[in-house]
Number of protein chains: 2
Amino acid sequence: MTRLARPGGSPPTPRSVDVARLAGVSQKTVSRVLNDEPYVSADMRRRVLDAAEELGYRRNQAARALASGRTRSIGVVTLGSALYGPASLLVGIERAVREVGYTLRVAATIEGDPGGIAGALASLLDQGVDGVVISEPIDEGVSLISVDVPVLVLGAPPNFAAPQVVTARVGARLLARAATEHLLELGHATVHHVAGPQRWYSTRDRLAGWREALRAHGADEPPVVEGDWSAASGYAAGRELAGDGTVTAVFAANDDMAIGLIRAQLEAGRRVPEDISVVGFDDIPVAAYVTPPLTTVRQPFDEVARQGLALLVHVIEKPDVELPPAADQPVELVVRASTAPPPPRPIPGRGRRAIPHAHGGPHGQPAGSEVPSTRP
Amino acid sequence: MTRLARPGGSPPTPRSVDVARLAGVSQKTVSRVLNDEPYVSADMRRRVLDAAEELGYRRNQAARALASGRTRSIGVVTLGSALYGPASLLVGIERAVREVGYTLRVAATIEGDPGGIAGALASLLDQGVDGVVISEPIDEGVSLISVDVPVLVLGAPPNFAAPQVVTARVGARLLARAATEHLLELGHATVHHVAGPQRWYSTRDRLAGWREALRAHGADEPPVVEGDWSAASGYAAGRELAGDGTVTAVFAANDDMAIGLIRAQLEAGRRVPEDISVVGFDDIPVAAYVTPPLTTVRQPFDEVARQGLALLVHVIEKPDVELPPAADQPVELVVRASTAPPPPRPIPGRGRRAIPHAHGGPHGQPAGSEVPSTRP
DNA sequence: ATGAAAGCGCTAACAT
DNA sequence: ATGTTAGCGCTTTCAT
């Protein structure tokens with residue numbers, strides 16, 4: 001139907017029969033060649049390929065889909081948001097889908113719309129996708145969604161009824177743990193956490209990592225402040241925490257909130273990292289250039305997408321073969337200048353006192369590392 | 001083929017004949033009802049709808065596409081990047097496509113791959129999309145690409161051969177002009193510009209707006225520093241400019257570069273905005289929370305996408321009817337604390353001297369406006 | 001190793 | 001207003 005227009009006018013778009021006629025073979029042979037089916041002699045293949053080339057032939061995907069029951073397309077349910085995490089994941093998915101020879105269809109969930117995921121899913125299934133990936137899952141109170149194609153869930157535990165559900169771990173828990181431990185190892189008595197909205201799986205994953213680290217170090221678990229990923233919510237959280245002089249270290253669930261939080265500290269007259277250390281999450285493009293350059297952790301979006309898609313395609317194409325094992329994701333902590341040992345003694349204020357550390361030492365390399373000196 | 005699975009097991013997915021049988025009508029009537037064709041009695045319609053509902057019937061899109069030659073889908077050629085601008089545009093496009101009742105297919109251009117746009121386009125046309133939108137176009141030296149479906153180009157001049165090419169202006173030129181004028185009106189003798197890569201249409205658009213403003217004010221046009229949208233490149237540009245004491249105002253083509261640039265100024269011992277003013281472009285989520293809060297302009301991504309898609313769907317569905325006129329995009333300048341009048345006299349240094357302005361006045365509201373006090 | 005025939009599930013044209 | 005008859009351009013049997 002629709003294809004790159006032929007240069008000189010509009011000879012009707014060629015069909016496989018046209019190719020067959022030109023090559024002097026049956027239409028079925030053309031189909032065989034184009035689908036790389038066995039049992040075609042080399043020179044037959046050549047003749048068909050040449051004829052196809054000459055006519056500028058391209059297969060009609062609708063007809064293929066109708067006849068075969070497969071579309072060679074994968075649908076992604078994504079967030080209708082330009083947040084760095086979801087956007088990066090989407091980019092990674094697009095690339096991975098292309099690499100495995102499929103095409104991508106996108107359905108975004110409508111913000112705030114309950115049942116958004118179910119709606120987006122329904123739209124994709126209507127379109128006949130061969131598999132679905134759910135990026136950045138959010139709880140919607142929907143206990144069970146039934147889907148009749150394989151599903152890849154990025155980062156969440158399976159709660160879908162589908163022929164196959166595969167999962168690729170974003171590794172956020174480990175990253176959150178590393179971020180928190182970095183702070184604890186710097187000597188902070190404990191680490192506060194500014195989380196994302198509870199409905200997000202990402203939020204809970206990071207929370208879990210933070211808790212793990214605190215427990216492993218025997219540190220107290222302070223109450224969690226909940227934000228909404230926005231810098232504005234980080235700022236608000238920052239004002240809240242600034243009132244408590246015992247807070248010396250904060251792990252924010254994303255960089256935007258970390259930046260808002262830092263801003264609030266500065267306005268409250270507290271220095272970062274001298275008075276309070278802050279770690280973000282994501283390593284957004286500007287993280288190395290804000291003041292102070294932000295210590296953060298980096299998520300391997302592309303790796304996760306690639307690995308997840310390999311699994312998905314595997315179950316689509318060989319439902320019966322055992323799944324290949326998933327490789328672990330690397331944990332990348334990027335230490336910059338927003339973290340340092342705690343101040344020698346807690347800032348005056350009520351509440352719990354932080355444990356003074358005599359040997360605060362120069363662990364904190366407060367230099368804007370990573371800041372390059374030449375333009376790329 | 002693929003649809004939400006029926007709850008209790010797997011009765012074969014119903015076809016339109018099944019619906020027809022159950023409703024006691026012909027298969028064609030089912031088709032008529034589902035396509036909202038005229039000449040169907042009200043009760044016939046009801047019977048069909050009820051039967052469809054009862055069976056959980058959903059039309060097979062592949063069959064529809066094959067029979068009708070249309071897919072009701074739109075393809076978007078986008079950048080394989082999570083940059084705020086392109087990502088926001090993609091989100092806007094997805095929403096707009098959904099709103100007009102189409103579905104979205106995505107093909108990203110491979111970074112650095114020449115002919116990336118052509119390749120992505122070919123993939124989409126292969127898939128039988130009814131229309132294509134080219135987001136954030138880049139020159140690839142491809143003089144002419146022929147496409148046989150309508151094309152919407154976001155922000156660029158038409159250089160495609162297609163049945164119809166429509167354009168929606170992002171309005172970046174006007175925004176760039178407003179950003180530059182803001183600086184000039186603050187009293188700066190001239191405004192330097194850190195641009196994006198020349199191949200991008202966005203870059204040229206912003207350049208044009210900047211030039212217009214300078215000319216309108218009779219200001220000198222300093223040489224352009226070219227970046228690559230990254231904060232790192234803005235940082236490099238900032239080091240370059242920091243060497244020239246006459247520079248008092250800079251307009252960066254996006255916020256990331258502006259933030260990198262500010263960082264370089266601070267490291268060079270120049271204060272923002274006291275010594276040098278900086279305006280960004282995009283109003284990224286953290287812009288209000290970096291130090292100093294960034295003055296910037298905001299692009300109406302959603303509006304542009306919505307308006308452009310309305311045009312595209314119009315030419316797809318009514319190729320012969322005159323195009324509705326496009327509305328102008330609003331120009332939104334967000335003044336924060338990174339801009340102020342120039343310093344009373346130029347900082348010592350060689351080169352052109354800035355014109356001293358005796359009445360620098362308190363135009364610059366260096367307060368972090370917009371910083372909310374409560375969490376959303 | 002190659003070909004002929006029969007659909008895939010719809011929409012479109014043409015009756016009635 | 002409703003039904004009948006052909007395809008749409010492939011992939012799939014099943015022959016040969």
Side-chain angles (χ1 to χ4, degrees), chain A residues 1-3 11-49 51-52 55-73 103 125-128 130 317, chain B residues 1-3 11-49 51-52 55-73 125-128 130 148 317:
Chain A
M1 239 77 314
T2 47
R3 42 201 61 184
T13 30
R15 312 302 176 199
S16 61
V17 238
D18 302 323
V19 177
R21 199 172 308 132
L22 181 60
V25 300
S26 78
Q27 185 270 335
K28 171 64 216 182
T29 300
V30 174
S31 173
R32 277 210 182 90
V33 171
L34 266 26
N35 289 322
D36 275 319
E37 286 172 34
Y39 303 124
V40 257
S41 67
D43 83 273
M44 201 108 272
R45 162 164 279 119
R46 261 265 61 77
R47 273 158 63 193
V48 170
L49 258 19
L55 294 176
Y57 170 72
R58 330 207 56 167
R59 281 178 293 188
N60 179 315
Q61 301 300 335
R64 295 188 76 195
L66 178 57
S68 69
R70 298 192 36 201
T71 57
R72 283 119 188 128
S73 72
T103 61
L125 295 172
D126 254 22
Q127 295 175 53
D130 293 342
E317 298 181 347
Chain B
M1 235 82 307
T2 47
R3 43 202 59 184
T13 31
R15 309 304 175 202
S16 60
V17 237
D18 302 322
V19 177
R21 199 173 306 130
L22 181 60
V25 300
S26 79
Q27 184 270 334
K28 173 63 215 182
T29 300
V30 174
S31 172
R32 277 210 181 89
V33 171
L34 265 27
N35 288 322
D36 273 320
E37 284 172 33
Y39 303 125
V40 255
S41 67
D43 86 272
M44 200 107 271
R45 161 163 281 120
R46 262 265 60 78
R47 274 158 60 193
V48 170
L49 257 21
L55 295 177
Y57 170 71
R58 330 207 57 167
R59 284 176 292 187
N60 179 315
Q61 301 300 335
R64 295 187 75 197
L66 179 57
S68 70
R70 300 194 33 201
T71 55
R72 281 119 187 129
S73 72
L125 295 171
D126 254 22
Q127 295 176 53
D130 293 341
D148 62 0
E317 298 182 348

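In what follows, chains carry the letters A, B, and so on, assigned in the order in which the sequence lines appear, proteins first and then strands, with residues in each chain numbered from 1.
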State whether B:S31 places a side-chain N or O below 4.0 Å from either non-bridging phosphate oxygen (OP1 or OP2) of C:dT11. yes
For the helix from C:dA1-D:dT16 to C:dT16-D:dA1, what is the angle between the axes at its two ends, each from 5 pairs, rounded to 10°? 30°
Do B:R46 and B:D43 sit within salt-bridge range, that is, some charged N less than 4.0 Å from a carboxylate O? no
Result for 5'-nearest mapping on DNA chain D, choosing between B:D43 and A:V30, is B:D43
Measure all distances between protein nitrogen or oxygen atoms and nitrogen or oxygen atoms of nucleotides 3-6 of chain D, and list the pairs falling under 3.5 Å.
| from | atom 1 | to | atom 2 | distance (Å) |
| --- | --- | --- | --- | --- |
| D:dG3 | OP2 | B:S26 | N | 3.0 |
| D:dG3 | OP2 | B:S26 | OG | 3.0 |
| D:dG3 | OP2 | B:T29 | OG1 | 2.6 |
| D:dG3 | N7 | B:R32 | NH1 | 3.4 |
| D:dG3 | O6 | B:R32 | NH2 | 2.8 |

Atom CZ of A:R45 to atom P of C:dT2: distance rounded to whole Å? 10 Å
With nearest nucleotides of DNA chain D determined for A:N35 and B:V40 from heavy-atom distances, which residue corresponds to the more 5′ nucleotide? B:V40
So which nucleotide from C:dC10, C:dT2, D:dT11 ends up closest to the side chain of B:N60? C:dC10
Contact class for B:V17 (heavy atom, under 4.0 Å): base, sugar-phosphate, or nothing? nothing
Closest listed nucleotide, where the reference is the side chain of B:R15 and the choices are D:dC10, D:dA1, C:dG9: C:dG9
Please list, chain by chain and in numerical order, all residues satisfying side chain to side chain contact (heavy atoms under 4.5 Å, CB included) with B:A20, sequence neighbours excluded. B:V25, B:Q27, B:V30
Tell me whether the OP1 or OP2 atom of D:dT11 has a side-chain N or O from A:R64 closer than 4.0 Å. yes
Out of C:dC10, D:dG9, C:dA12, which nucleotide sits closest to the side chain of B:S68? C:dA12
